[in-house]
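Notes follow the structure.
Throughout, a chain's letter reflects where its sequence line sits, starting with A, and its residues are numbered from 1. Keep in mind it's a predicted model, so treat the numbers as computed, not measured. These numbers come from the heavy atoms of this one structure, side chains and all, not from hydrogens, waters or symmetry mates.
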Amino acid sequence: MSKQYNPKDFESKWQEKWFSNMRYKAQDLLKDKEKFYQLVEFPYPSGPGMHIGHTRNYSMADAVVRLRRMKGQNVLFPIGWDAFGLPTENYALKVKRPPQEITKENIDNFRKQLKSLGLTFDWDREVNTTDPDYYKWTQWIFLKLYEHGLAYMADMPINWCPKCKTGCANEEVIDGKHERCGTPVEQKKLKQWVLKITEYADRLIDDLDKVEYLDSVKALQRNWIGRKTWYDIDYQIEGTDETVRVSTTRPDTQFGATFVVVAPEHEILKRLMDKMPEENREEVREYIEQAKKRSEIERLDETREKTGAFTGLYAINSITSSRMPIYATDFVLTTVGTGMVVGVPAHDRRDFEFAQKFDLPVIRVIESKNGDRFDITSVDEVYEDEGEVYNSDFMNGLSTQGARVKVGEYIEEEGIGEVVTRYHLQDWIFSRQRYWGEPIPIVHCEKCGVVPLPEEELPLELPVVTEYEPSDDGRSPLANIDEWVNTTCPKCGGPAERETNTMPNWAGSSWYFLRYCDPDNDKELASKELTDYWMRVDHYEGGSEHITLHLLYSRFWHKFLYDIGVVSDPEPYQKRTIHGNVLGEDGRKMSKSLGNVINPDKLINEYGADVTRAYLMFMGPYEGDVLWNTRTIQGVDKFVKRWFAFIQQAWVSAGESEKDTEVAVNKLVDRIERGILDWKFNTAVAAFMGFYNNYNDRKFSKDQIERLITISTPIMPHLSEELWAITGHKNSVMENEWPEIDESMLVEDILEIPVQINGRVRGRVEIEKGATEKKVKEKVLEDDKISAFIKGKNIKRFIYIEDKIVNIVL
RNA sequence: GGUCGAGUGGUGGAACUGGCAGACACGCGGGACUCAAAAUCCCGUGCUAGCAAUAGCAUGAGGGUUCAACUCCCUCCUCGACCACCA
């Protein structure tokens, strides 16, 4: 009598077996197997626990590594906890408990959830960014960065979130709002730690050629770094001996330049103030004041009408000798170029809008690709493309590209400017004014200034306290803990204060994949022998929200570690792909407020881990977003039950099988293998269903059934293990080798191929595999249906693609 | 505005390097079992015409290459994601 499918009876039993001995786990330095490092983004262990998205992504990765192990690879599949950061801290403040405790509880819960899915992570390599044994090395990397001049302090305006009461990086500000809480950020001047990521800008772009990320991921990295060639040109200010240095990326349009615009915060305005005519001075001063008050969001609003103030001054274009009024305006940003820009209204939309507002001339100098040279009279006519230059003296007739080169040479020869490579990427503001982060291992001494902590004093542990409310004045909560702050200077022994800012969330996640290689090492962050063995990460699976920042930061740190000899490879990841998200039944992002959240624990409880896994893989392709659908999981549940019954029934009635059954089994093995290795799990699940539909009433040999159980393992591991035991096997199904495919079995000996006439299928004939064209033609012409079509007409061509198709052209 | 990607039945989606479009599932229709329902099982299901065999039309729109195009090329439309007063 065969067993009913009841996952509660056996899923936890098998999990205990797997995780108690972890016989599947990675073997350090193993030589006779090929290594494979499958990395998944480590989760932030938040209170509510695992999201259904985690369930899906990790299940998919687990299927892949289970298959790879059975194919003989030495797989590293680790997991850890990215546990520092605001959500936990804010929650801890609310309930008045230390975040250390809460983090521990969250991690325990998360771990339990992941195990209940049967995920075969290397549980003894767990890494936790908030563990002092871990962040000791995060701090160590910081000290090294400092030692190499890549970490510096600067008094700079930073983005300040008044709700979270912390500064944040440019990268964390979206649309003028803090990405974590959506509060509009303010500008605040604070002494900050900054990392010189810009020094690595070129390598971060150029080394993308060494990896195989998705094209979209590479594009995003390039875009964010934003390398551009700029032309900085000096203009004399009329009637003074002052010059201004303006910048442009389009010097080919110089003869169309009719004004100069300066960012209102630009210090040159202060310098030029007394050169301005009386009547303009007041207006400019007022404009600067107004601009200061405007919020970032308001300022970045493109639809707002252009504003500005005339300085009363004129610049003399050193290339064209024309006279150009200088304006202060807030659509120019200090961080772009030199903060002073040439206005070319005919060839830049913003410049055109500005020119209209202030009634400035519009001069066209680039011909459009279709030869147009009409005057630009509306915004829609503004021509920003490339083309041929005219109206431009020595540049006439050149292409825009050629003209740029010419101007570049000209300004450098004449000494009136220079060609500069600039980046959109800015240095990385690295301090946060919050409690729950890695303390920055620095001491401020009145006598010695900034003094790095000696390595032996690491880790510098975060004091465990219950009072750590952030303050409004921009000081970190650590500043209030006197016994921690007050210390002695490691250099002179005199009184000193500790740095009270902490590191951002990105710090711990910038190198965690290295720690997985050697998680218990207390001598170094990871031994080079082990990182040489395991790195580079072969495949990094993750979400789209981390492909700019986390990827950029971790590549930067890795390159730095490469430079100082800690690792032997300048790039950390070979492949980076992006998963889709699981959306609610209504097509919207799952959220508590919308009430469309699906709880993974409930699913596992109701359907079991295997059905949950198979369903999440079946819903749709890996890269795409998928909508939750309760009906579909019931369909998958039905299938899993049938499969469980089918294998048992086939086993008790096992015997001699037919040839085409063996062909079908081979085809199935092939489809499952390809589906999983290509991350097309939906097709793999479909292959199982299709096989069941067509072959469940056949007779199978025991050997065939064993193969069917084995290939069920990656997607339905518990079920496979249970069936393996039911069929009398003593070992774990995970120890089986993945079945070899007999290539000759993938194609039947007798094939039925379609016959097309003029590209339309009109019939089909049976042929022997590998038959000659002559034989096939005979066979086709014998066919009644086909010959009826051909009757009375000429065969112009007879096309036969071996074992595939025939097309007759009449 | 930029970059990347996507448009296939009522729905989610298949289709390997151009070779039978719609696998698999959901939904829907019909049937079996049942007093009935649920569960389960069987059959059908792209659109149009036809009792049917069958024929015609179909992968966002239009053109092209080819014996053959969801797939390659050109033009356009729509949607999505990310970035953006970056000069």
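Across the protein-nucleic acid pair, A/His347 atom NE2 and B/rG1 atom P stand 19 Å apart, rounded to whole Å. We find that CZ of A/Arg349 is positioned 14 Å from C1' of B/rA84, with the value rounded to whole Å.
Annotation: side chain of A/Val420 is not in contact with side chain of A/Tyr231 (no heavy-atom distance under 4.5 Å). A 4.5 Å side-chain heavy-atom check between A/Glu418 and A/Trp230 finds every atom pair outside the cut-off.
When heavy atoms are screened at a 4.0 angstrom cut-off, A/Val341 is found touching base atoms of the nucleic acid.
A distance of about 45 Å separates the P atoms of B/rA37 and B/rC16, rounded to the whole Å. Annotation: B/rG50 and B/rU65 have their C1' atoms spaced 38 Å apart (nearest Å).
Heavy-atom nearest nucleotides on RNA chain B were determined for A/Arg674 and for A/Arg797, and the one closer to the 5' end corresponds to A/Arg674. Between A/Gly339 and A/Ala219, the residue anchored closer to the 5' end of RNA chain B is A/Ala219, taking for each the nucleotide with the nearest heavy atom.
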Listed pairs under 3.5 Å, donor-acceptor, residues 639-647 of chain A side chains, sequence neighbours left out:
{"unit_1": "A/Lys641", "atom_1": "NZ", "unit_2": "A/Asp637", "atom_2": "OD2", "d": "2.8"}
{"unit_1": "A/Trp643", "atom_1": "NE1", "unit_2": "A/Ser712", "atom_2": "OG", "d": "3.1"}

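For B/rA87, its base never sits under 3.5 Å from the side chain of A/Arg250 at any donor and acceptor pair. Between the base of B/rC67 and the side chain of A/Lys796 there is no donor-acceptor pair shorter than 3.5 Å.
Closest approach to the A/Leu220 side chain among B/rA55, B/rC82, B/rC86 is made by B/rC82 (side chain taken as heavy atoms from C-beta onward). The nucleotide whose nearest atom lies closest to any side-chain atom of A/Trp224 is, among B/rC86, B/rC67, B/rC83, B/rC83.
Residue A/Arg222 has no polar side-chain atom (N or O) positioned under 4.0 Å from OP1 or OP2 of B/rC82. Side-chain N/O atoms of A/Arg760 include none lying less than 4.0 angstrom from OP1 or OP2 on B/rA68.
In this structure, CZ on A/Arg364 lies 4.0 Å from CD1 on A/Ile376, to the nearest 0.5 angstrom.
Classified by interplanar angle (parallel below 30°, tilted 30° to 60°, perpendicular above 60°), the ring pair A/Tyr213/A/Tyr573 is tilted.
For RNA chain B, runs of at least 3 consecutive pairs of the Watson-Crick or G-U wobble type, with both hydrogen-bonding distances under 3.5 angstrom, map to B:1-7 with B:77-83, B:10-12 with B:24-26, B:27-32 with B:40-45, B:46-49 with B:54-57, B:60-64 with B:72-76.
A/His579 and A/Glu623 share no side-chain donor-acceptor pair at under 3.5 Å.
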Give the intermediate values and the outcome of side-chain contact (heavy atoms from CB on, under 4.5 Å) for residues A/Val362 and A/Gln356.
CA-CA 9 Å; A/Val362 180; A/Gln356 269 198 321; over 6 Å; no
Passes side chain to side chain donor-acceptor pair (under 3.5 Å), A/Tyr423 versus A/Asp202? Steps please.
CA-CA 9 Å; A/Tyr423 307 88; A/Asp202 279 319; 2.7 Å; yes
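Using a 4.0 Å cut-off between a side-chain N of Lys or Arg and a carboxylate O of Asp or Glu, A/Arg422 and A/Asp232 qualify as a salt bridge.
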When you check every protein heavy atom under 4.0 Å of nucleotides 20-28 of chain B, what one-letter string (B, S, -) results, 5' to 3'?
B--BBSSS-
